[in-house]
Q: 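Below you will find the structure I want to go over with you.
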Amino acid sequence: MDIETLKNTLLQRVGESKAPNEVLKASEFRELYAKIPTLAPEERGAFGRQVNELKQAVEAAIQVREAELEESNVSPIDVTAPFDINAKKPTLLPSENGTTHPLMQEIQLVSDIFNRMGFVTEESREIDDQYHMFETLNFPKGHPARDDYDTFMTVETDKDGDPLIAPAHTSTMQVRSLIKYRDNLARGESIAVVVPDRVFRNEDLDARHEHTFYQVEGVYAAKGVNVGNLVATLQAFLEEYYGRALKTRINPFYFPFTEPSFEFSLECPFCENGCNICSQSKWIELLGCGMIHPNVLKAAGIDPEEYTGFAFGCGIDRLVMMKYGIEDVRHSESGKLNFLRQF
Ligand code: DAH
């Protein structure tokens, strides 16, 4: 077989192969290499060059084929998945060109504290369906409290024909977390999950309101869980996060997915007698919390007669702003270097 015919055969083989790289190991190549020393010295150079060109052509075809295979290998797109499973690995910038964003550093810290307290960390999603945003959380269709969670919608719809949404809270992960760790209960263990992640609201923007921010959701369920466990958990977390003893208080509140529900406040760390940050009240409302509503437990297939639990949702930007005395929530998403370089 002359080299030109051989080239066509090998290129065809590459085009059909699922492991195109293997073609480089073909016996035909070995035969060509073995032939070189048997040739007259004046023929060797030209023949060697031809073999080399053949090898380069095959290598180029392999690259094309591998890219083709990678593309055809893509999984179907799940628009609600926490990340794009088909995305190629990003090329990272050299680390000296950047640092971790201050909010990400704090989120890591929040997550670490809860992990030390026995909670596992889960990720939320950036596009979700209304079933997880509302239905699983005891807001039936048409419930007026849905209006408190005005967010962004996509043109695509879910299987009920409702638009997909950018989640307005991390509570979308409550039922998912309860289902994922439900088997813990049967083993006599608790379900203890935190979800620190990004949420979105259609807000009029000002120093205290941003369209994109972060919350940490907590979900805990076991036998005999009570409000005392909820308060002690939050108090322990906050004292660890701020590194000092703190006074806290709870007031009754309303959320459809907890019963009873509370607003959890922290003694203002900036003043003793009232200041602008606490609106002269000496207390800062920090988060919503309560005992998980029986309907939410039922939505996760957990018997509310047997198990109880608590949940909480806390704005992370707010926690961080109070820790460092940051006066405007919009700094976090601004990407301004003179802000970022202070951390
Ligand atoms: N998801 C609520 C919000 O963003 C906060 C919240 C309240 C979360 C009570 C909870 C909870 O888990 O139990 O307004």
Side-chain angles (χ1 to χ4, degrees), residues 82-84 87-116 121 123-127 149-152 166-170 194-217 234 237-246 264-288 312-343:
F83 50 83
D84 177 0
K88 304 225 165 60
K89 282 214 180 104
T91 322
L92 297 178
L93 289 170
S95 58
E96 65 270 21
N97 288 358
T99 56
T100 313
H101 190 284
L103 265 184
M104 296 302 125
Q105 295 172 24
E106 295 301 311
I107 286 173
Q108 190 58 53
L109 176 60
V110 166
S111 176
D112 287 348
I113 295 173
F114 278 115
N115 293 165
R116 290 203 295 274
T121 302
E123 260 181 82
S124 178
R125 297 160 177 236
E126 301 205 346
I127 290 291
Y149 298 88
D150 182 15
T151 181
F152 307 98
H169 55 182
T170 41
V194 284
V195 187
D197 220 326
R198 196 181 253 188
V199 295
F200 309 87
R201 299 251 173 123
N202 181 14
E203 295 275 12
D204 284 334
L205 308 187
D206 62 26
R208 292 158 63 98
H209 297 94
E210 178 57 292
H211 51 70
T212 301
F213 56 102
Y214 290 83
Q215 289 187 332
V216 54
E217 190 78 15
L234 288 172
F237 161 69
L238 289 168
E239 294 196 345
E240 184 68 19
Y241 182 72
Y242 287 112
R244 64 188 178 92
L246 295 168
F264 191 96
S265 309
L266 184 67
E267 173 194 41
C268 180
F270 298 110
C271 68
E272 279 180 8
N273 297 310
C275 66
N276 282 344
I277 294 172
C278 61
S279 313
Q280 313 302 331
S281 71
K282 294 190 254 173
W283 292 96
I284 293 184
E285 287 152 13
L286 203 55
L287 58 97
F312 56 85
C314 176
I316 297 181
D317 306 61
R318 196 96 190 274
L319 277 186
V320 176
M321 285 169 75
M322 285 185 15
K323 186 170 182 185
Y324 295 107
I326 298 167
E327 79 297 353
D328 193 323
V329 65
R330 292 169 295 187
H331 290 321
S332 324
E333 298 283 326
S334 70
K336 282 187 196 142
L337 291 178
N338 57 3
F339 170 73
L340 298 173
R341 286 193 175 128
Q342 295 176 48
F343 296 89

Q: Between Val199 and Phe213, is there a side-chain heavy-atom distance shorter than 4.5 Å?
A: yes

Q: Of the non-hydrogen atoms in Trp283 and Cys278, which two are nearest, and what is the gap between them?
A: O-CB, 3.7 Å

Q: Could you tell me the separation between the OH atom of Tyr241 and the CG atom of Asp112, rounded to the nearest 0.5 Å?
A: 12.0 Å

Q: Judged by atom type as modelled, is there a donor-acceptor pair below 3.5 Å linking the side chain of Arg318 to the main-chain atoms of Glu285?
A: yes

Q: Quick one, Leu340 with Thr99, criterion side-chain contact (heavy atoms from CB on, under 4.5 Å). Give me CA distance, side-chain angles, the key distance, then yes/no.
A: CA-CA 9 Å; Leu340 298 173; Thr99 56; over 6 Å; no

Q: Does the side chain of Glu272 reach to within under 4.5 Å of the side chain of Lys282, using non-hydrogen atoms?
A: no

Q: What pairs meet the salt bridge (charged side-chain N to carboxylate O under 4.0 Å, His left out) rule with one or both residues in residues 206-217, with sequence neighbours excluded?
A: none

Q: Which heavy-atom pair separates Ile107 from Tyr214 by the least distance, and what is that distance?
A: CD1-CD2, 3.5 Å

Q: Hey, does the side chain of Ser279 reach the backbone of Ser281 with a donor-acceptor pair shorter than 3.5 angstrom?
A: no

Q: Between Gln215 (side chain only) and Thr170 (backbone N and O only), is there a donor and an acceptor less than 3.5 Å apart?
A: yes

Q: Which residues pass the side-chain contact (heavy atoms from CB on, under 4.5 Å) test with Met322, sequence neighbours left out?
A: Tyr242, Leu266, Pro269, Phe270, Ile284, Leu286

Q: Return the set of residues passing ring-ring contact (aromatic ring centres under 6.0 Å, His included) with Phe312 (not counting sequence neighbours), or none when no residue passes.
A: Phe114

Q: Can you tell if the side chain of His211 reaches within under 4.5 Å of the side chain of Leu205, non-hydrogen atoms only?
A: yes

Q: Please report the interatomic distance CD1(Ile113) to CD(Gln108), rounded to the nearest 0.5 Å.
A: 11.0 Å

Q: For a quick test of reading the model, state the closest non-hydrogen atom pair linking Pro102 to Phe339 and the distance between them.
A: CG-CE2, 4.4 Å

Q: Check whether any side-chain heavy atom of Leu103 sits under 4.5 Å from a side-chain heavy atom of Val320, and report yes or no.
A: yes

Q: Just by modelled atom types, is the Thr100 backbone N or O under 3.5 Å from a matching donor or acceptor in the Gln105 side chain?
A: yes

Q: Check whether any side-chain heavy atom of Phe237 sits under 4.5 Å from a side-chain heavy atom of Val194, and report yes or no.
A: no

Q: For Cys314 and Leu319, which heavy atoms make the closest approach, and how far apart are they?
A: SG-CG, 3.9 Å

Q: Check for a donor-acceptor pair, side chain of Thr151 on one end and backbone N or O of Pro167 on the other, with a separation under 3.5 Å.
A: no

Q: Which salt bridge (charged side-chain N to carboxylate O under 4.0 Å, His left out) pairs, counting each pair once, include a residue from residues 320-343, with sequence neighbours left out?
A: Glu106-Lys323, Asp328-Arg330

Q: What residues form a ring-ring contact (aromatic ring centres under 6.0 Å, His included) with Tyr324, not counting sequence neighbours?
A: Phe343

Q: Shortest non-hydrogen contact from Phe200 to Thr212?
A: CD2-OG1, 3.7 Å

Q: Sequence neighbours excluded, which residues qualify as ring-ring contact (aromatic ring centres under 6.0 Å, His included) partners of Phe264?
A: none

Q: Minimum heavy-atom separation for Pro196 to Ile316, with atom names?
A: CB-CD1, 4.0 Å

